[in-house]
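Just so it is clear: chains get the letters A, B, ... in the order the sequence lines come, proteins before strands, and each one is counted from 1.
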There are 2 protein chains.
Amino acid sequence: MSLPVPIPDSLAPLQAFLAGALARVEARFDLQLRSDLPPVSKLCTHIERYRGKMLRPTLAILAGLAADPRAAHAPPEAIVSEDHILIAAVCEMVHMATLVHDDVLDEAETRRRGRTVNRLHGNEAAVILGDYLIASAYHLCSQLADQSIALEIARVSMTLCAGELLQLHHRRDYSLDEPTYFEILDRKTAALIAAAAELGARRSAPEASPAPRLLADYGRRLGVAFQIQDDLLDLTGQDAVVGKPTGRDVQKGKLTLPLIHHLAAADATLRGHTLRLLERLDEHADPEARSRLLDALESTESIDHARKTAERLVREAQQALGGIHDSQARRLLDLMARAVIARSF
Amino acid sequence: MSLPVPIPDSLAPLQAFLAGALARVEARFDLQLRSDLPPVSKLCTHIERYRGKMLRPTLAILAGLAADPRAAHAPPEAIVSEDHILIAAVCEMVHMATLVHDDVLDEAETRRRGRTVNRLHGNEAAVILGDYLIASAYHLCSQLADQSIALEIARVSMTLCAGELLQLHHRRDYSLDEPTYFEILDRKTAALIAAAAELGARRSAPEASPAPRLLADYGRRLGVAFQIQDDLLDLTGQDAVVGKPTGRDVQKGKLTLPLIHHLAAADATLRGHTLRLLERLDEHADPEARSRLLDALESTESIDHARKTAERLVREAQQALGGIHDSQARRLLDLMARAVIARSF
């Protein structure tokens with residue numbers, strides 16, 4: 001994972017190790033999906049193109065390192081085990097399953113500069129492929145000696161689906177409030193990111209260590225900040241930079257933080273103006289309406305409100321790291337928290 | 001489960017016990033799906049309407065009884081444990097998840113005389129609800145002390161998806177042969193039915209007992225026969241009796257046993273005639289073409305071929321039961337095998 005923040009030279013060896021570990025995660029991922037049926041294997045190769053930031057595997061591995069009492073002096077290869085690689089692969093697989101299904105639901109045509117599975121092979125193949133990915137993730141984590149990890153992965157998957165259903169329930173609900181928005185984010189995005197950090201840490205931390213809980217807390221706040229940044233990019237970013245069509249949230253009636261803040265802060269006249277713009281943008285890409293919507297959001301400093309909220313969450317994530325021993329892994333986690341909101345894609 | 005075959009009075013007490021056990025399965029099922037989010041819970045109540053034959057839970061419980069060495073004399077309540085109820089609920093939950101997703105893919109509007117989730121709440125809610133069901137199933141089976149059961153459930157779920165992908169790959173493939181058709185059936189239907197019987201049995205059988213393997217074999221053959229009967233009902237049944245629209249397989253380009261047999265047995269002229277009828281029926285309900293298709297199938301005795309194949313599989317399933325000790329549970333399993341092909345819905 002190349003970070004959009006400057007990285008000190010002292011962390012270069014850890015970064016190199018991480019790149020190698022992520023390559024092992026990818027290999028484990030591909031091996032798990034392999035099928036004796038050629039049409040199934042062929043479809044799975046498409047998933048490789050979906051691979052992006054590998055945020056969840058990165059967190060599982062770095063949290064695994066940071067939670068180990070030997071983190072300050074032992075080489076990373078002495079700490080990161082096959083179990084860490086497996087946990088990282090499982091988290092990424094659950095995440096990929098949600099992406100494949102999301103693309104069907106959003107009728108998305110591109111993802112990470114490539115065609116989506118649904119676009120290339122139809123909705124049916126995409127829905128079943130998502131199911132195959134989920135089943136593969138459970139099959140993989142059920143192989144761990146520590147059964148509590150499979151239980152946690154399943155619990156988080158339920159949470160994730162519940163978050164998506166809650167979001168769907170509030171679609172086009174223009175009175176959606178911030179607490180409900182954060183409830184949705186916490187479940188649909190932050191829970192799995194927190195679990196990646198926590199489960200990686202749990203595999204290395206001594207019993208009764210506070211590290212897994214602290215790293216879960218770090219992951220949860222970073223996860224919410226990550227989603228706010230995603231929502232900001234969808235609202236303000238350009239397709240070519242972000243790598244997929246932007247403006248989709250508004251078109252799909254998904255209210256995100258800037259809009260929620262704006263609708264609560266605006267007077268009746270401005271609110272009426274914005275609601276008319278939202279109506280024009282419903283299911284339609286209308287560049288002029290979008291530009292006027294951004295102007296309206298600026299007038300109530302709502303983009304700024306969302307940026308500041310994400311920054312606060314990043315600081316809180318960094319504070320959670322303060323509770324664990326210093327190490328290079330902890331320093332890289334600290335940088336990652338900043339990178340999450342510095343990115344433009 | 002009321003069986004479409006005569007049941008001797010001597011089995012009435014076991015049937016009453018089974019009804020009670022299935023009620024416990026339903027309660028466990030509902031409890032597992034309960035959410036603190038009202039929109040999620042509300043959507044889950046819809047699933048209750050999907051409940052039908054409860055074939056997989058019935059097999060898990062009866063196989064659990066039949067595999068126990070005390071089966072011939074101990075009362076069923078002394079043998080069937082909470083674990084059996086849980087295994088039964090998990091198998092049904094995996095099955096329900098596939099039904100919910102199948103209905104999205106088939107754009108089905110009715111199921112078991114009621115509206116489908118996708119028809120009532122949209123495709124998005126239906127896809128996520130299916131995912132929620134799968135996650136719930138894994139969460140439930142990860143609570144068992146015997147971890148090998150969760151591993152097996154995940155493995156079977158992968159098999160199931162692979163079977164669906166293989167079926168999709170061969171859609172509108174008019175040269176599909178019988179071995180490939182059976183490969184599809186074995187994976188997409190029979191594997192989970194076999195697993196329900198095997199896992200139920202594994203929970204009660206002494207180590208090294210052949211019962212789980214024999215009951216898996218029974219379940220697998222019964223599962224294939226069950227699907228052939230389903231396919232026959234779709235081809236020859238009437239909507240009002242079957243409880244959902246029939247003729248969908250042909251409309252969706254899914255080739256089933258009678259058609260595969262017919263296309264292989266027909267001479268060039270008849271084959272051309274049938275392919276033209278299939279073209280007319282593609283994505284269309286055309287009663288006249290459907291009636292002529294049935295005439296064509298009769299002319300090569302293809303319906304009869306499918307019926308006889310299902311009957312042979314039922315006999316083989318019954319033979320597998322011959323390897324385990326006699327008991328009332330075994331007798332009911334024997335009757336169930338016959339019931340699978342005697343049913344008209």
Side-chain angles (χ1 to χ4, degrees), chain A residues 32-33 35-40 42-44 94 97-98 101-102 104-106 121-125 127-145 147-171 183 187, chain B residues 32-33 35-40 42-44 94 97-98 101-102 104-106 121-125 127-145 147-171 183 187:
Chain A
Q32 173 66 13
L33 294 184
S35 166
D36 58 325
L37 300 174
V40 178
K42 196 169 156 236
L43 204 54
C44 287
V94 172
T98 68
H101 281 180
D102 279 356
V104 176
L105 302 180
D106 288 349
H121 303 278
N123 283 340
E124 289 169 303
V127 169
I128 308 168
L129 182 64
D131 293 348
Y132 184 74
L133 280 164
I134 305 175
S136 301
Y138 290 115
H139 186 256
L140 192 52
C141 66
S142 295
Q143 293 168 33
L144 287 165
Q147 197 172 344
S148 75
I149 291 175
L151 190 65
E152 180 64 11
I153 289 289
R155 197 190 59 78
V156 167
S157 304
M158 286 177 73
T159 301
L160 211 152
C161 296
E164 296 237 26
L165 287 172
L166 189 61
Q167 181 172 54
L168 196 61
H169 180 75
H170 286 287
R171 187 165 284 187
E183 177 87 55
R187 296 191 191 227
Chain B
Q32 172 67 10
L33 294 185
S35 166
D36 58 326
L37 301 173
V40 178
K42 198 170 153 238
L43 204 54
C44 287
V94 171
T98 66
H101 280 179
D102 279 355
V104 177
L105 303 179
D106 288 350
H121 303 278
N123 283 340
E124 290 169 302
V127 169
I128 308 168
L129 182 64
D131 293 349
Y132 183 74
L133 279 165
I134 304 176
S136 300
Y138 290 120
H139 186 255
L140 192 52
C141 66
S142 296
Q143 294 168 34
L144 287 165
Q147 198 172 343
S148 74
I149 290 175
L151 190 67
E152 179 66 11
I153 290 289
R155 197 190 60 75
V156 167
S157 304
M158 287 177 72
T159 302
L160 211 150
C161 296
E164 296 237 27
L165 287 171
L166 189 62
Q167 180 173 56
L168 197 61
H169 180 76
H170 286 287
R171 188 167 284 186
E183 178 87 55
R187 296 192 192 227

| query | How long is the span from the CD atom in B:Glu124 to the CD atom in A:Gln167, to the nearest 0.5 Å? | reply | 9.5 Å

| Contacting region of A:Glu152 [heavy-atom separation from chain B under 4.5 Å] | neither

| remark: Value for OH (A:Tyr132) from OG (B:Ser157), rounded to nearest 0.5 Å, stands at 11.5 Å

| note | In short, A:Pro39 meets B:Leu166 closest at the heavy-atom pair CG-CD1, 3.9 Å

| message | For the interface with chain A, which of B:Thr159, B:Leu33, B:Val104, B:Asp36 has the highest count of heavy-atom pairs at distances below 4.5 Å? | response | B:Asp36

| CD1 of A:Ile128 to CG of B:Asp102: how many Å apart, nearest 0.5 Å? | 7.5 Å

| note | Output for pair (B:Leu165 CG, A:Leu43 CG), nearest 0.5 Å, gives 6.0 Å

| chain B heavy atoms under 4.5 Å from A:Ile149: which part of the residue, side chain, backbone, both or neither? | neither

| Would A:Leu37 and B:Arg187 count as a side-chain contact (heavy atoms from CB on, under 4.5 Å) if you check the C-alpha gap in whole Å, the side-chain angles of each, and the deciding distance to 0.1 Å? | CA-CA 11 Å; A:Leu37 300 174; B:Arg187 296 192 192 227; 3.6 Å; yes

| task | Can you tell which part of B:Leu160 gets under 4.5 Å to a heavy atom of chain A, answering side chain, backbone, both or neither? | result | neither

| note | Applying a strict 4.5 Å limit to non-hydrogen atoms, the region of A:Gln32 in contact with chain B is both

| task | Would you give the length of the straight line joining atom CG of A:Asp131 to atom CG of B:Asp131, rounded to the nearest 0.5 angstrom? | result | 6.0 Å

| query | For chain A, which of B:Gly122, B:Ala150, B:Ala162, B:Ala97 has the most heavy-atom pairs under 4.5 Å? | reply | B:Ala162

| said: Taking side chain as everything from C-beta outward and backbone as N, CA, C, O, which of these in B:Leu151 sits under 4.5 Å from a heavy atom of chain A? Side chain, backbone, both or neither. | reply: both

| query | From B:Ser35 OG over to A:Met158 CE, what is the distance, rounded to the nearest 0.5 angstrom? | reply | 7.5 Å

| note | Contacts of A:Gln147 meeting side chain to side chain contact (heavy atoms under 4.5 Å, CB included) (sequence neighbours excluded), chain-then-number -> B:Gln147

